[in-house]
Amino acid sequence: MKTLAEIRSDFPILSSEVNGKPLVYLDTAATAQKPEVVIRTVNDLHRTLNANIHRGIHYMAEETTARYEGAREQVRALLNASSAREIVFTSGATQSINLVASSFSEKYIRQGDNILITEMEHHSNIVPWQFAAERRGAELRILPFDDAGQLRLDLLPGMLDERTRIVAVTQASNVLGTMPDLRSIIDTAHAHDIPVLVDGCQGIVHHKTDVQALDCDFYAFSGHKLYGPTGIGVLYGKEKWLAALPPYMGGGDMVGTVTLPLGTTFAELPLKFEAGTSNYIGAIGLGAAIGYLDTLDQAWIHNHENALLERATTLLQSEIPGLRIYGTVPGKSPIVSFTVDGTHPADIGMIVDKLGVALRTGTHCAEPVMTHYGITAMCRLSIGLYNTEEEIDTAVAAIKKAAAMLR
């Protein structure tokens, strides 16, 4: 098992300075930093093995194709999907969810039907369903959460009926850190023969995810939050659903045969949903990130991140008067969102940046969460496997200084 110091040395950017101060990066929920093996993999592919996949018979094309499909198998194993045919590469979780919302609604949603999402979703798991509801004349139902950040699962059975076509829910809120009881939600939905899509962006990073054990119908995540490159994401879908859904986009690599004027047939899964030149370098880079994580002790990571979360929560509450934390449900992911009386989050963010601390401020692409609490923005501290106790202490001291200056 690597030590924390050894892990940190794997991430070149962590040795950087910001405004003359050592970088304290606590914005991993927005995007994770990349280990050297991912950076090197992406650079080496551009330098030595850049050839389009699934199209050529020369060495570089065949080798790149093999590595791309090898990355798909790594994702399959990561999720414990039953087949690589259930793994679709996309540009990110946003495209993954849009794909399902568009293709599923085209085939299965009609006027008078309804779609259920939750109040704590990221915009990427809200807006595509708004589009679908508007296009198909359907109702969008919203499962609320309480002030602690707990989903009101007691209300769920009464919000599902014979016209509910799909449920979409986060695995972990990117603002509150809440991790809903997915198995309960999925079981309740399946009792009504309703499929469930899970936004796994914030969940898969911190918790082992087994899509067969969850029994979810669709699962989406982005590579850049899992220590991989940007511009690459994954959609898992049960084969029965992916086989039934119409393609999301048309173009090269997703066809079987093309005849004019009509009569195009489609490629087998998963290529049916991978129109055009895929981000094969990003996919292989994601495979490198998964391979890197496989070398680490996952139980140690989980305990380490939870210890840092507890430390940050305790210090913020004890050291800074007027600070309120949003999302206090036990078992949350390592995120602390907060406001400080008499200050604006953007002002705190700018001041702590001058002290070398990177936090996120704003609505965090979850404006309905802000509306729930009657505020316009929050600060957010989010923890990755490479963070340290000293960084938490530095960040809390910087926030305390900023709050004092602003008040």
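These values consider heavy atoms only, across backbone and side chains, with no hydrogens, waters or symmetry-generated copies.
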Problem set entry | Centroid separation Phe89 to Tyr68 less than 6.0 Å | yes
Seminar exercise, completed: All heavy atoms of Pro246 vs all of Lys107, minimum pair found to be CD-CB, 4.1 Å
Exercise. Are Glu62 and Arg55 within salt-bridge range, i.e. N to O under 4.0 Å?
Worked result: no
For this session: Using atom types as modelled and distance alone, determine if a side-chain donor or acceptor of Asn19 lies under 3.5 Å from a backbone N or O of Asp353.
Result: yes
Exercise. Do any N or O atoms from the side chain of Gln202 and from the backbone of Ala29 form a donor-acceptor pair under 3.5 angstrom?
Worked result: yes
For this session: Any chance you could lay out the ring pair (Phe, Tyr, Trp, His ring centres under 6.0 Å) test for Tyr108 and Trp241, step after step, and finish with the verdict?
Result: CA-CA 11 Å; Tyr108 293 107; Trp241 287 114; 5.6 Å; yes
For this session: Indicate the atoms forming the closest heavy-atom contact of Ile335 with Ser173, along with that distance.
Result: CD1-O, 3.7 Å
Problem set entry | Distance-only polar pair, side chains of Thr265 and Thr257, donor-acceptor under 3.5 Å | yes
For this session: Using atom types as modelled and distance alone, determine if a side-chain donor or acceptor of Arg8 lies under 3.5 Å from a backbone N or O of Tyr386.
Result: yes
Problem set entry | Side-chain donor or acceptor of Ser333 paired with backbone N/O of Ala172 under 3.5 Å | no
Exercise. Can you check whether Pro128's main-chain N or O pairs, donor with acceptor, with Asn98's side chain at less than 3.5 Å?
Worked result: no
For this session: Compute the centroid of each ring, for Phe104 and then for Trp129, and state whether the two points are separated by less than 6.0 Å.
Result: no
Exercise. So, His54 versus Asp253: side-chain donor-acceptor pair below 3.5 Å or not?
Worked result: yes
Problem set entry | Side-chain donor/acceptor of Lys208 to backbone N/O of Ala299, under 3.5 Å | no
Exercise. Does Leu99 offer a backbone N or O that forms a donor-acceptor pair with the side chain of Ser102 under 3.5 Å?
Worked result: no
Exercise. Under the 3.5 angstrom rule, does the side chain of Ser96 hit a backbone N or O of Val234 as a donor-acceptor pair?
Worked result: yes
Exercise. Would the His207 and His302 ring centres measure less than 6.0 Å apart?
Worked result: yes
Problem set entry | Note: Glu86-Arg76 ion pair, threshold 4.0 Å (strictly below) | no
Seminar exercise, completed: Asn80 meets the side-chain hydrogen bond (donor to acceptor under 3.5 Å, both in side chains) criterion, sequence neighbours left out, with Asp210
Problem set entry | Separation of Asp199 CG from Ser124 OG (nearest 0.5 Å) | 7.5 Å
Seminar exercise, completed: When every non-hydrogen atom of Ala132 is compared with those of Ile115, the smallest separation belongs to CB-CD1, 4.3 Å
Exercise. When you check the gap from the basic side-chain N to the acidic O, do Glu389 and Arg311 get nearer than 4.0 Å?
Worked result: yes
Exercise. Which residues pass the side chain to side chain contact (heavy atoms under 4.5 Å, CB included) test with Thr64, sequence neighbours left out?
Worked result: Leu49, Ala51, Ile53, Tyr280, Ile284
Exercise. Just by modelled atom types, is the Gln111 backbone N or O under 3.5 Å from a matching donor or acceptor in the Arg163 side chain?
Worked result: yes
Exercise. Any side-chain donor paired with an acceptor under 3.5 Å for Asp215 and His190?
Worked result: yes
For this session: Run through Lys225, Arg380, Arg360 and flag the one making a salt bridge (Lys or Arg N to Asp or Glu O under 4.0 Å) with Asp27.
Result: Arg380
Exercise. Short question: side chain of Glu305, backbone of Pro334 - any donor-acceptor pair under 3.5 Å?
Worked result: no
Exercise. Going by atom types alone, do Glu391 and Asn387 pair a side-chain donor with an acceptor below 3.5 Å?
Worked result: yes
Problem set entry | side-chain contact (heavy atoms from CB on, under 4.5 Å) evaluation trace for Asn125 with Leu197 | CA-CA 9 Å; Asn125 206 23; Leu197 175 142; 3.7 Å; yes
Exercise. Does Lys2 come within less than 4.0 Å of Asp10, counting only side-chain N to carboxylate O?
Worked result: yes
Exercise. Of the non-hydrogen atoms in Ala403 and Ile320, which two are nearest, and what is the gap between them?
Worked result: CB-CG2, 4.2 Å
Problem set entry | Least distance between heavy atoms, Met370 atom then Val175 atom | CE-CG1, 4.0 Å
For this session: Would you tell me whether Thr209 and Gln171 have side-chain atoms, one donor and one acceptor, within less than 3.5 Å of each other?
Result: yes
Problem set entry | For Thr339, all residues meeting side-chain hydrogen bond (donor to acceptor under 3.5 Å, both in side chains), sequence neighbours excluded | Tyr326
Problem set entry | Ring centre gap for Phe266 and Phe273 strictly below 6.0 Å | no
Exercise. Between Arg141 and Asp161, does at least one N-O distance fall below 4.0 Å, as a salt bridge requires?
Worked result: yes
For this session: State, to 0.1 Å, how close Ile109 and Arg136 come at their nearest heavy-atom pair, and which atoms those are.
Result: O-NE, 2.9 Å
Exercise. Should we count CD of Glu268 as having more than 12 external heavy atoms under 6.0 Å?
Worked result: no
Exercise. Given Asn52 and Thr277, is the side-chain hydrogen bond (donor to acceptor under 3.5 Å, both in side chains) satisfied, shown in steps?
Worked result: CA-CA 7 Å; Asn52 211 329; Thr277 297; 3.0 Å; yes
Exercise. Regarding His123 and Glu367, is there a side-chain donor-to-acceptor distance under 3.5 Å anywhere?
Worked result: no
For this session: Please lay out, stage by stage, how Asn50 and Leu45 fare under the test side-chain contact (heavy atoms from CB on, under 4.5 Å).
Result: CA-CA 6 Å; Asn50 181 38; Leu45 286 166; over 6 Å; no
